[in-house]
Number of protein chains: 2
Amino acid sequence: MGKGEETRQAILEQAIALASEVGVSGLSIGALADKAGMSKSGLFAHFGSKEEMQLAVLRAAQERFAEFAFKPALKERRGLPRLRALMTNWLNWTEKARLPGACPLNSAANEFDDQPGPVRDAVAAGLADGRRMLANAVRLAVEAGDLREDTDVDQFVFELVGIELAAMQSQRLFRDKQAIPRALGAFERLVRDHQPSRKE
Amino acid sequence: MGKGEETRQAILEQAIALASEVGVSGLSIGALADKAGMSKSGLFAHFGSKEEMQLAVLRAAQERFAEFAFKPALKERRGLPRLRALMTNWLNWTEKARLPGACPLNSAANEFDDQPGPVRDAVAAGLADGRRMLANAVRLAVEAGDLREDTDVDQFVFELVGIELAAMQSQRLFRDKQAIPRALGAFERLVRDHQPSRKE
DNA sequence: GGCTTTTTAGCACGAACGTTCGTATTCTGT
DNA sequence: ACAGAATACGAACGTTCGTGCTAAAAAGCC
């Protein structure tokens, strides 16, 4: 890895942290350059445009999510254990990744949902990826016999997303310490409602 | 109502619309002045500072929410009917209010959750108000016998919030036409899980 | 160690930002 | 209709925005 890629990676690390606080659209080149300890134009040269920088930050954040939330959950057995791990990791991956703020993807989803363009597309693609990953885990849980055969996978994922979003709002806006317990409670209720009948 | 208050109200109407698209923090005085058809300084004089303008927009948006989502639901019978009305109104009040974008309060929640200050406080207070209103409706449903006596009201509200947020993300980011049906499905499952036992 | 390529800094640009001020216009009460 | 107050405007402020251009410094290669 040459010097260029090295500093680019360092920039992106600072960028993810800053974006978690001020959002991807609030991320300015000047502020980021200050934080990274380099000149505005020097940093700018790595991306060529602000939009390209935003896309790079989104990609980098997604990689972090995969590293801290997705990959660790693969160590669990397919089915309910893995789904539960996915959910708990998802709820606290920003802390694990030592981000000072919220998940950049989620913030960006709110900032760009009415701003057509490549950034919006990237955000949508990233979150769709997350939903697909969840859907897969749910499907595996059905196949493993941990959830009922007639489980509506997309509906199940929809409700998982809701739990996650409610937890983030409770935790970040209201500083509610019960956010995670509430989320886990909702998750367990969801699972209970989809438990296969006793007699196999 | 003097001329001053009149144009102030007109400004705020444009402001809510614009904020629903670009967010409360993305709302710039110049852009808003253009949209309102007046000069930057003339508009500015109505508020004295950008922060004061943001606070005014948040208050105005909250009033709109009360008008389009909360008040109409009061016509329904206390208990499950009113709660259901509250939920469905909440899911589509931005359309009823003819906003081109998302709920400004919800967007602002994501933008300001890491930006301490009066705006953050106002957003938190506004959304806390919404949760309180929901909690009240849930309590009334318990008292009316529509929900089980041992219902955990705060947990119930948490899950309602989750349903709402998931629906908004599905609808606004993914343009998923099934967002509302999914939300209603989740709501009914939540209600079913808290139904009082058959034998009174 | 010199040469080429890559990476960084410095400087300048036009535009937009929030804000101030003095002046013009428009309302309002009599 | 007129005086006084309320409201709106235009110009300018200092800053920051994203983005070029050019030159210096650093890194990589023979």
Side-chain angles (χ1 to χ4, degrees), chain A residues 1-16 18-19 21-58 60 104 107-108 111-112 114-120 122, chain B residues 1-16 18-19 21-60 104 107-108 111-112 115-120 122:
Chain A
M1 178 161 67
K3 176 82 196 315
E5 193 58 29
E6 196 174 305
T7 58
R8 193 187 142 103
Q9 230 42 49
I11 291 171
L12 285 175
E13 179 146 350
Q14 304 287 342
I16 293 176
L18 191 51
E21 290 184 296
V22 300
V24 171
S25 65
L27 217 173
S28 83
I29 304 212
L32 181 53
D34 273 6
K35 185 160 176 158
M38 61 187 299
S39 74
K40 221 170 41 147
S41 54
L43 186 148
F44 183 84
H46 280 273
F47 304 100
S49 76
K50 171 162 192 183
E51 191 174 90
E52 210 54 56
M53 181 194 79
Q54 292 175 324
L55 294 171
V57 172
L58 289 174
S107 309
E111 299 168 9
F112 289 95
D114 282 302
Q115 316 282 330
V119 181
R120 199 205 111 102
Chain B
M1 177 161 68
K3 176 85 197 313
E5 192 57 30
E6 196 174 306
T7 57
R8 195 188 139 103
Q9 231 41 51
I11 292 171
L12 285 176
E13 179 147 349
Q14 303 287 341
I16 293 176
L18 191 49
E21 290 184 295
V22 300
V24 171
S25 66
L27 217 172
S28 84
I29 303 211
L32 181 54
D34 274 6
K35 184 159 178 158
M38 61 187 299
S39 72
K40 224 174 27 151
S41 52
L43 187 148
F44 184 84
H46 280 274
F47 304 99
S49 74
K50 171 163 193 183
E51 189 174 271
E52 210 55 55
M53 180 195 80
Q54 292 175 322
L55 294 171
V57 172
L58 289 174
R59 277 192 296 267
S107 308
E111 299 168 10
F112 289 96
Q115 315 281 329
V119 181
R120 198 205 112 102

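Numbers restart at 1 for each chain; the letters A, B, ... are given by sequence-line order, proteins then strands. Everything numeric here is computed off the predicted structure, so don't read it as measured data.
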Duplex segments of DNA chain C, taken as runs of at least three Watson-Crick or G-U pairs that stay under 3.5 Å: C:1-6 with D:25-30, C:8-26 with D:5-23, C:28-30 with D:1-3
Contacts of type side-chain contact (heavy atoms from CB on, under 4.5 Å), residue B/Ala108, not counting sequence neighbours: B/Val24, B/Leu58, B/Phe112, B/Val123
Earlier contact from the 5' end, DNA chain D, for A/Ala31 and A/Gly48: A/Ala31
Side-chain donor/acceptor of B/Gln115 to backbone N/O of A/Glu21, under 3.5 Å: yes
Euclidean distance, atom CD1 of residue A/Ile29 to atom C1' of D/dG20 [Å, nearest integer]: 12 Å
Please produce a list of atom pairs where a protein N or O lies less than 3.5 Å from an N or O of nucleotides 23-25 of chain D.
none

Any residue meeting side-chain contact (heavy atoms from CB on, under 4.5 Å) with A/Ser28, in chain and number order, not counting sequence neighbours: A/Ala31
Interatomic distance, B/Gln54 atom CD to B/Glu52 atom CD [nearest 0.5 angstrom]: 10.0 Å
From CG (B/Leu27) to CD (B/Gln14), nearest 0.5 Å: 11.0 Å
Gap between atoms CG and P, on A/Asp34 and C/dA9 respectively (whole Å): 12 Å
Sequence-distant partners of A/Glu111, side-chain hydrogen bond (donor to acceptor under 3.5 Å, both in side chains), two or more places apart: A/Ser25
Exercise: identify the closest heavy-atom pair between A/Pro118 and A/Leu55: O-CD2, 3.8 Å
Between C/dT19 (C1') and B/Phe44 (CZ): distance, integer Å: 5 Å
Nearest-angstrom distance from the residue atom CG of A/Leu27 to P of D/dC17: 11 Å
Output a table of donor-acceptor pairs, distance under 3.5 Å, between side-chain atoms of residues 40-48 of chain A and any protein atom two or more places apart or on a different chain; print 'none' if there are none.
residue : atom : partner : partner atom : Å
A/His46 : NE2  : A/Thr7  : OG1          : 3.4

Closest non-hydrogen atom pair between B/Leu18 and B/Lys35, with its separation: N-NZ, 4.2 Å
Nucleic acid contacts of residues 49-59 of chain B, taken as heavy-atom distances under 4.0 Å to DNA chain D: none
B/Ile16 side, atom CD1; B/Arg59 side, atom CZ - distance, nearest 0.5 Å: 11.5 Å
CD1 on B/Ile11 to CD1 on B/Ile29, rounded to 0.5 Å: 10.0 Å
Pairing residues for B/Glu13 by the side-chain contact (heavy atoms from CB on, under 4.5 Å) criterion, not counting sequence neighbours: B/Arg64
Atom-pair distance (CG on A/Leu32; C1' on D/dG18), nearest Å: 13 Å
Over all atoms of both residues, closest heavy-atom pair of B/Val57 and B/Ala19: CG1-CB, 4.3 Å
Strictly under 3.5 Å: I want the nitrogen or oxygen pairs between protein and nucleotides 7-11 of chain D, one per line.
residue : atom : partner : partner atom : Å
D/dT7   : OP1  : B/Gly4  : N            : 3.1
D/dA8   : OP1  : B/Thr7  : OG1          : 3.1
D/dA8   : OP2  : B/His46 : NE2          : 2.3
D/dC9   : OP2  : B/Ser39 : N            : 2.9
D/dC9   : OP2  : B/Ser39 : OG           : 3.1
D/dG10  : N7   : B/Ser41 : OG           : 3.0
D/dG10  : O6   : B/Ser41 : OG           : 2.6

